Amino acid sequence: MKKISSHKNAPSPFSRIMQKGQQKARYKERNGKFLMSMSEDDHTRIAHLIKRWLEEDTKTR
């Protein structure tokens with residue numbers, strides 16, 4: 001019987017695509033950390049905005 005090998009150590013297809021994209025864009029970890037620190041507040045603002053929209057939507061129904 002043929003054994004099916006596990007792919008636990010293999011990167012996911014999405015991970016491979018992201019790595020290729022980072023190589024093409026000459027991604028550097030330092031730049032990535034900087035961009036994430038600058039965009040952190042944006043994520044919370046966007047989440048609050050979506051929450052407000054959902055609350056308004058439930059009130060109008």
Side-chain angles (χ1 to χ4, degrees):
M1 179 176 260
K2 187 176 184 181
K3 288 187 177 182
I4 300 174
S5 62
S6 66
H7 297 288
K8 292 180 182 178
N9 295 335
S12 68
F14 179 73
S15 178
R16 288 191 303 251
I17 291 170
M18 291 301 293
Q19 287 174 353
K20 285 181 184 179
Q22 288 175 358
Q23 290 170 356
K24 289 179 182 178
R26 296 187 184 129
Y27 171 83
K28 294 181 181 152
E29 187 176 351
R30 181 178 176 199
N31 294 345
K33 287 181 181 179
F34 173 72
L35 289 172
M36 284 304 292
S37 69
M38 295 300 287
S39 68
E40 216 169 279
D41 293 334
D42 291 340
H43 294 299
T44 55
R45 281 190 232 139
I46 292 168
H48 287 296
L49 180 63
I50 292 172
K51 182 180 176 184
R52 189 180 320 149
W53 287 344
L54 290 172
E55 288 172 353
E56 289 175 2
D57 188 44
T58 57
K59 288 179 185 177
T60 59
R61 286 184 176 189

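In this text, all values refer to a predicted model and were calculated from it rather than measured experimentally. Side chains included, hydrogens not; waters and symmetry mates left out as well; all remaining heavy atoms used.
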Engineer: Do the side chains of Ile50 and Ile46 get nearer than 4.5 Å, heavy atoms only?
Structural biologist: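 The answer is yes, as the side chains (C-beta and beyond) meet within the 4.5 Å cut-off.
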Engineer: For the pair Lys33 and Glu29, evaluate salt bridge (charged side-chain N to carboxylate O under 4.0 Å, His left out) and give the outcome as yes or no after the intermediate values.
Structural biologist: CA-CA 6 Å; Lys33 287 181 181 179; Glu29 187 176 351; 3.4 Å; yes
Engineer: Measuring only between side-chain heavy atoms, which start at C-beta, is Arg52 closer than 4.5 Å to Leu49?
Structural biologist: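 Yes, side chains in contact.
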Engineer: Could I get the full list of salt bridge (Lys or Arg N to Asp or Glu O under 4.0 Å) partners for Lys28, not counting sequence neighbours?
Structural biologist: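 Salt bridge (Lys or Arg N to Asp or Glu O under 4.0 Å) check on Lys28 returns nothing, list empty.
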